[in-house]
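For ligands, and for the atoms within them, numbers begin at 1 and follow the listed sequence. In what follows, every heavy atom counts, from backbone to side chain, and hydrogens, waters and symmetry copies are set aside.
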Amino acid sequence: MRLAYLDPPFNTGEQFHHYDDRRSSDEWAQVLRDRLKVIKPLLASDGSLWLHLDDREQHHGRLVLDEVFGRGAFVSTIIWQKRTSRDNRRAFSPSHDYIHVYSPMGESWKHVRNGLPNEGALSNPDNDPRGGWRSVPLSVQAGHGVSSQFYEIESPTGRLVSPPRGRCWAYSSQRMAQLEREGRIYWTRGGDGTPRLKRFVEELKPLAPSTIWASDDVGDNASAKRELMADVGVGEIFATPKPVKLLRRIIEIATDVDDLVLDPYLGSGSTAIAASELDRRWFGIEASAVTVSEVTVPRLLANGVAFSSP
Ligand SMILES: C[S@@+](CC[C@H](N)C(=O)[O-])C[C@H]1O[C@@H](n2cnc3c(N)ncnc32)[C@H](O)[C@@H]1O
């Protein structure tokens, strides 16, 4: 299994329509510990486990993760903006949840995870038939340069241009001439400024995901309830669904096509929908038979997700 996403009861002290979320902290932590111990041997060596919690127990959750997986397995904690409206009943209006990410590889997991698409702000002012591009500097810090990187280039307007102070060109003059022949160099100020390299979408390196995920990018609890309402008409009785977009982001980062995803607290099935859309295999566990029959199954059917249940 390449990914386990756990969104357990947060120990909110509330009695929800479909499950009771009232335990002592110790009892809550013990239930989590037991689950993690079962999941750990099932996780691939390059897999990851994502534990989604709120303020109530996230600090205990992290300690239990350290205990079961080892502190070296910690990768990051993501802050997800779960709410944009204000709750004036509280000292501070809670806007975010925590998602703790652990992997047996620890920080080296960065070598196997997927980055985010780097496709923002492309343009095509010169109608390049190769499509949209973004320009990046053609000079680098001089300290690392060799003598073949210090020379003058002639701009389209006939001006001789040296690298900016303290910098040298990124390439030798031969390579620079080849890039010019390939139409890969963009000159600023209508040809009289500095040369920059045109990078096309397939050449842009994927981005490292940041640790703050805004609701504009991945949805929030309110948008998840609207999704649920549209699918099965039960947005209110199921308190904390997670948006499919959030799960899509997690699954895209942590897995590749055909990988296996586990959600042991399946709830409304957002993980299953996202996994299915992304051609990942998935399995889910949900303790509440009422949730399964009233919410999960109808929602998976409404979204055309193929599944079988024991
Ligand atoms: C916070 S909700 C999960 C929401 C889900 N991520 C979604 O997007 O709809 C927690 C779910 O875990 C279920 N649950 C509670 N205890 C469980 C257990 N021991 N095993 C499996 N599921 C459990 C609850 O019934 C509830 O549906």
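- Tested against Ser25, the residues Arg56, Gln30, His60 include a single side-chain hydrogen bond (donor to acceptor under 3.5 Å, both in side chains) partner, His60.
- Here is the list of ligand 1 atoms found below 4.0 Å of a heavy atom in Ser270: 8 (O).
- Ion pair Arg130/Glu203 not flagged as a salt bridge, since none of the NZ, NE, NH1 or NH2 atoms sits closer than 4.0 Å to an Asp/Glu carboxylate oxygen.
- Between Thr84 and Ser215, the closest heavy-atom pair is CG2-OG, 3.3 Å.
- No side-chain donor from either of Arg199 and Tyr186 sits under 3.5 Å from a side-chain acceptor of the other.
- Near Thr240, with a cut-off below 4.0 Å to any heavy atom, the atoms of ligand 1 are 1 (C), 4 (C).
- Near Leu266, meaning under 4.0 Å from one of its heavy atoms, ligand 1 places the atoms 5 (C), 7 (C), 9 (O).
- The ligand atoms of ligand 1 that sit less than 4.0 angstrom from a heavy atom of Lys242 are 6 (N), 7 (C), 8 (O).
- With a 6.0 Å radius and a threshold of 12 heavy atoms from other residues, nucleotides or ligands, Arg71 has its CZ atom at or below the threshold.
- Here atom 10 (C) of ligand 1 lies nearest to Asp7 when heavy atoms of Asp7, Leu32, Val295 are compared.
- Of all the listed residues (Pro8, Ala289, Ala287), Ala287 holds the heavy atom that lies closest to atom 17 (C) of ligand 1.
- Ring-plane geometry between Trp50 and Trp213 is classed as tilted, the angle between the planes lying from 30 to 60 degrees on a 0 to 90 degree scale.
- The Gly267 neighbourhood of ligand 1 comprises atoms 9 (O), 27 (O), with distances under 4.0 Å to a heavy atom of that residue.
- Taking every non-hydrogen atom of Pro241 and a distance limit under 4.0 Å, the qualifying atoms of ligand 1 come out as 7 (C), 8 (O), 9 (O).
- Across Thr255 and Ile251, no two heavy atoms sit closer than the pair OG1-O, 2.6 Å.
- Ligand 1 lies nowhere less than 4.0 angstrom from a heavy atom belonging to His52.
- Near Ser288, meaning under 4.0 Å from one of its heavy atoms, ligand 1 places the atoms 25 (O).
- Every atom of ligand 1 with a heavy atom of Ser268 under 4.0 Å away is listed here by number and element: 7 (C), 8 (O), 9 (O).
- For Ala224, no heavy-atom contact with ligand 1 is shorter than 4.0 Å.
- Using bins of under 30°, 30° to 60° and over 60° for the plane-to-plane angle, the ring pair Phe307/Trp282 lands in the tilted bin.
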